[in-house]
Amino acid sequence: MKLGFSPADEAFRAECADWLQDQMAVPFADIRGIANLCDAIPRRKEWEQQLAAHRWSCIGWPEEWGGRGATLAQQVIFAEEYARAGAPNRINHIGVELAGPTILAFGTQAQKAKYLPGIAGGTQIWCQGFSEPNAGSDLANVRTRARRDGEEWVVNGQKVWTSLAHYSDMIFVIARSEEGSKGPKGLSFLLLDVDQPGIEVRPIRQMNGEAEFNETFLTDARCPADAMLGAAGEGWKVAMGLLAFERGVSTLGQQMQFRNELDAVIAAARANGQANDPVIRQRIAGAEIGLRLMRYGALRMLSNTDLAKIDGAALTYKIQWATWRRDLGELAMDVLGQAGEIAAGDHYAWAPLPNMYLFSRSDTIYGGTNQIQRNLIAERGLGLPREPRGDL
Amino acid sequence: MEFAFTSEQGMIAETVRGFFAENATSDRTRAAMAGEGIDRDLWSAFATELGLAGIGLPEDHGGAGLGMVELAIVAEAAGAQVAALPLLGHGMVGQAIARGGSDLQKAQWLPRLAAGELICTAAWEPQVSIGDGRLSGTLNFLPHGASADLLLVHAGGDAWLVELKGAGIAVQRHVTMDQTRPLATVTLDHAAATKLEDGAAAIAGALAAGWICLAAEALGGAQETLDRTVGYARERVQFGRPVGSFQAYKHRLADMMIEIEQARSAVYWAACAVDEGSDEAPLALHAAKAFCADTFQMCAGNMIQLHGGIGFTWEHDAHLFFKRARSILTLLGDGPWHREQVARMVLGAAA
């Protein structure tokens with residue numbers, strides 16, 4: 001058991017820190033520190049391409065596909081230095097962290113050659129089409145249909161909560177390709193161009209006033225027959241493989257964002273004197289401890305190289321961070337007081353901390369609600385009997 | 001960077017888990033509870049057969065030369081069975097001498113500690129006066145204090161060892177809620193004491209070992225309450241279903257696992273940080289002690305609730321965990337105190 005980094009790792013840290021800080025100092029200073037996924041999209045696409053040009057866009061991927069085959073320690077270091085430099089949130093994290101690793105794991109050589117360069121190169125932004133109006137927590141209840149028409153698949157249905165679909169180039173969906181099938185059987189995993197007549201994207205305005213999520217309507221949307229990952233009818237397996245990548249190294253970058261948010265709460269408490277309040281002090285200490293434990297939980301999870309075994313740290317990670325951030329939102333508002341409930345301008349638009357307070361209510365819902373997480377932990381982690389399934 | 005047990009650490013963990021599960025049985029622990037709160041045969045087997053009393057002590061003084069990670073592995077396994085052993089005082093005094101003792105002091109004490117010949121205890125925030133190298137004062141809440149041979153006191157920035165069988169010492173044993181770690185009051189009246197060479201290093205070593213020991217015991221205890229309750233949840237049938245199939249029940253078990261996984265990260269983060277001399281060590285120690293104690297309290301309380309009436313009986317072991325959790329919460333600084341130490345690191349002192 002060892003937490004320290006080797007001299008070679010520290011040299012790697014210096015290399016990526018220098019490069020990132022140079023980039024954020026001048027060429028990309030205008031997008032420094034952007035955390036949301038709505039603003040300055042064209043410039044952030046340029047940033048993705050700049051990362052790619054210097055081989056920093058997907059360092060954990062194999063070298064032949066544009067990565068560096070980076071070790072775990074190097075990926076940890078890059079995530080830390082990326083945030084320390086104030087580089088903006090990655091607009092293509094779904095491509096780099098989810099679609100790419102899934103294609104690497106399940107794709108044919110031809111599929112890798114077709115899709116991976118666009119992701120590694122920062123030219124193709126991806127979004128995720130899993131949830132539907134009647135397939136949220138019960139994800140296997142997907143009703144979107146796919147039928148074969150000659151050399152193409154034709155897809156009809158509705159997806160919802162497709163974050164970033166309004167500027168994505170590609171979408172992956174799970175759709176029912178075997179008529180009459182139910183549950184996880186008979187689903188297929190398809191890769192579609194977003195820019196086609198059969199796909200319509202409508203933004204959903206969220207409770208914080210922003211619109212990062214969308215409804216996506218598929219009406220005779222088409223993709224080539226070979227745009228399917230895995231075999232027809234085995235899409236559930238691919239989808240579950242993808243969800244495992246959600247718990248990967250990307251969590252470390254997310255944690256650096258949380259670090260910045262907690263630092264903002266601490267700065268606010270110092271500025272308005274709440275830092276002297278004993279109850280606030282206890283809560284800030286609790287948040288600090290929770291964030292540190294999140295980091296070491298992630299390092300335990302990533303140090304587990306036995307991928308066949310989902311360990312406890314991995315299984316509990318989602319509910320842990322989601323609950324931590326929701327609590328941080330409440331703490332932020334208690335620190336700010338009523339001033340936090342007043343917007344700065346004439347629009348319903350919020351400063352980062354009040355915005356985080358509102359947005360964090362989605363953290364305990366998307367990607368599996370806290371209640372679903374507890375079911376998964378109890379059933380997969382503790383081996384308790386499954387909830388009986390209803391027939392309605 | 002590799003935040004997982006080495007194969008050697010994995011083997012130690014397996015050995016100690018097996019040892020305590022086989023030997024620190026409920027019957028033996030209860031027999032110790034009726035007496036001084038120490039299973040002397042278990043302590044002797046632990047020290048001589050396994051040779052683990054010296055696990056964190058230097059090799060040239062009879063120890064195994066390992067670190068806080070290995071100490072935590074042992075304490076976790078002992079805590080899982082609520083073993084009636086004087087590990088806390090032993091760890092604290094051993095580290096105080098190993099880190100702050102002169103070569104002579106190490107040679108005098110450490111081989112005897114490594115052999116398990118001495119029962120040790122340590123005082124938290126004592127009020128003592130020093131005159132002519134002798135200590136006077138009343139020391140409260142000493143774990144296993146009535147059985148102890150050797151007492152560690154920090155006073156006036158120095159660390160002192162007091163042999164409790166000497167003159168000018170009165171020991172009062174207390175009936176204590178956690179009978180596996182009974183507390184005692186020791187009154188010193190110009191008692192002879194030995195000053196350790198480097199007081200600051202001795203105190204820092206003792207506190208680090210004490211906090212890690214308590215946090216790791218709490219982790220082991222919390223995991224065991226979860227495992228035992230899961231076993232019950234699968235077998236106990238009500239309304240025609242195993243009670244563990246009801247969400248109201250399984251979600252409480254899931255909540256236990258969520259906290260326990262964080263507690264595990266906390267213990268081994270703190271232990272690693274101390275072993276590697278990391279700047280994060282002070283924060284990690286406070287975090288581990290506060291978080292793991294809270295986790296154990298929550299889990300042990302849930303164990304009683306989820307077992308229903310049987311969990312409230314003397315016969316069932318749930319109360320052993322519950323009472324141990326209570327004692328860990330208060331020993332060596334309670335949760336609010338540790339969180340305030342973290343707050344000072346993050347926010348500075350309150351105005």
Side-chain angles (χ1 to χ4, degrees), chain A residues 1-6 9 71-73 76-77 262 266 269-270 273 275-278 280-286 288-290 292-305 311-313 315-317 319-320 323 371 373-379 381-388, chain B residues 1-6 9 69 226-227 230 233-234 241-242 244-247 249-266 268-269 271-273 275-278 280 283-284 286-288 290-291 335-336 338-351:
Chain A
M1 191 167 260
K2 186 174 179 312
L3 292 175
F5 292 100
S6 70
D9 288 336
T71 62
L72 167 62
V76 170
I77 287 167
L262 175 55
I266 289 168
R270 279 190 168 141
N276 296 317
D277 179 88
I280 293 291
R281 292 174 71 79
Q282 288 284 309
R283 290 172 66 191
I284 287 177
E288 181 72 40
I289 292 168
R292 302 293 184 121
L293 298 187
M294 209 186 293
R295 176 169 199 267
Y296 290 99
L299 293 183
R300 275 177 55 216
M301 168 169 99
L302 295 166
S303 294
N304 170 27
T305 48
D311 67 3
L315 205 50
T316 55
Y317 189 76
I319 191 170
Q320 182 190 340
T323 307
Q371 287 67 40
Q373 297 300 325
R374 289 189 179 93
N375 280 355
L376 291 173
I377 292 163
E379 291 169 12
L382 300 173
L384 290 165
R386 292 180 72 90
E387 195 70 13
Chain B
M1 203 281 305
E2 178 75 39
F3 198 28
F5 284 160
T6 61
Q9 289 164 341
V69 171
L226 175 59
D227 293 347
V230 164
R234 287 192 189 130
R241 288 160 60 178
S245 69
F246 291 101
Q247 284 192 338
Y249 197 112
K250 70 165 69 159
H251 282 192
R252 279 180 87 146
L253 292 171
D255 285 338
M256 291 163 74
M257 183 167 170
I258 293 161
E259 298 304 303
I260 289 166
E261 288 301 326
Q262 293 175 81
R264 192 173 301 287
S265 302
Y268 290 101
W269 168 39
C272 264
D275 283 344
E276 294 177 22
S278 157
E280 283 190 328
L283 198 158
H286 293 302
F291 193 93
H338 282 285
R339 281 189 292 275
E340 173 58 24
Q341 308 315 304
V342 173
R344 284 179 196 195
M345 295 175 194
V346 175
L347 296 165

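Throughout, protein chains are lettered first and strands after them, A, B, ... in sequence-line order, and every chain is numbered starting at 1.
The aromatic rings of A:Y296 and B:F3 sit perpendicular, their planes meeting at an angle over 60°, well past the 30° parallel limit.
With a 4.5 Å cut-off on non-hydrogen atoms, B:E276 touches chain A through its side chain but not through its backbone. The part of A:R270 that comes within reach of chain B is its side chain, from C-beta onward, which places non-hydrogen atoms under 4.5 angstrom from that chain. Interface residue B:T6: backbone and side-chain heavy atoms are both found under 4.5 Å from chain A. Contact annotation for B:F5: both backbone and side-chain heavy atoms come within less than 4.5 Å of a heavy atom of chain A. Proximity to chain A is limited to the side chain of B:E280, based on heavy atoms less than 4.5 angstrom apart. Heavy atoms closer than 4.5 Å to chain B are found nowhere in A:R283, neither backbone nor side chain. Only the side chain of B:P242 comes within less than 4.5 Å of a heavy atom of chain A; its backbone N, CA, C and O stay farther away. Only the side chain of B:R241 comes within contact range of chain A, with heavy atoms under 4.5 Å apart. Both the backbone and the side chain of A:L3 come within contact range of chain B, judged by heavy atoms closer than 4.5 Å. When heavy atoms are compared at a cutoff of 4.5 Å, B:V69 approaches chain A solely by way of its side chain, counted from C-beta outward. With a 4.5 Å cut-off on non-hydrogen atoms, A:I319 touches chain B through its side chain but not through its backbone.
For A:D9, the side-chain hydrogen bond (donor to acceptor under 3.5 Å, both in side chains) partners at least two apart in sequence or on another chain are A:S6.
Residues B:A351 and A:N276 come closest through the heavy atom pair N-OD1, 2.6 Å. Residues B:A254 and A:A378 approach most closely at CB-N, 4.4 Å, considering heavy atoms. Residues B:G244 and A:L384 approach most closely at O-CB, 3.7 Å, considering heavy atoms. Nearest heavy-atom pair, A:P385 versus B:S245, reported as atom, atom and distance to 0.1 Å: CB-CB, 3.8 Å. Between A:R374 and B:D255, the shortest heavy-atom contact is NE-OD1, 2.6 Å.
Side-chain atoms of B:R234 come within 3.5 Å of backbone N or O of A:G383 as a donor-acceptor pair. At least one donor-acceptor pair closer than 3.5 Å links the side chain of A:Q282 to the backbone N or O of B:P336.
Applying the salt bridge (charged side-chain N to carboxylate O under 4.0 Å, His left out) test to every pair with at least one member in residues 341-351 of chain B, sequence neighbours left out, gives these pairs: B:E340-B:R344.
Options B:G348, B:A273, B:A284 differ in how many heavy-atom pairs under 4.5 Å they form with chain A, and the most are formed by B:G348.
The distance from the CE atom of A:M294 to the CD atom of B:Q262 is 7.5 Å, given to the nearest 0.5 Å. Note that CE of A:M1 and CD of B:Q9 are 6.0 Å apart. Values are rounded to the nearest 0.5 Å. Separating the OG1 atom in A:T316 from the CD1 atom in B:I260 is a distance of 10.0 Å, to the nearest 0.5 Å. A distance of 6.0 Å separates CH2 of B:W269 from CG of A:L293, quoted to the nearest 0.5 Å.
Just one of B:M257, B:K250, B:E261 meets the side-chain contact (heavy atoms from CB on, under 4.5 Å) condition when paired with A:I377; it is B:M257.
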### Message
Determine whether A:N375 and B:H251 satisfy the following criterion, side-chain contact (heavy atoms from CB on, under 4.5 Å), listing intermediate values before the conclusion.
### Response
CA-CA 7 Å; A:N375 280 355; B:H251 282 192; 2.7 Å; yes

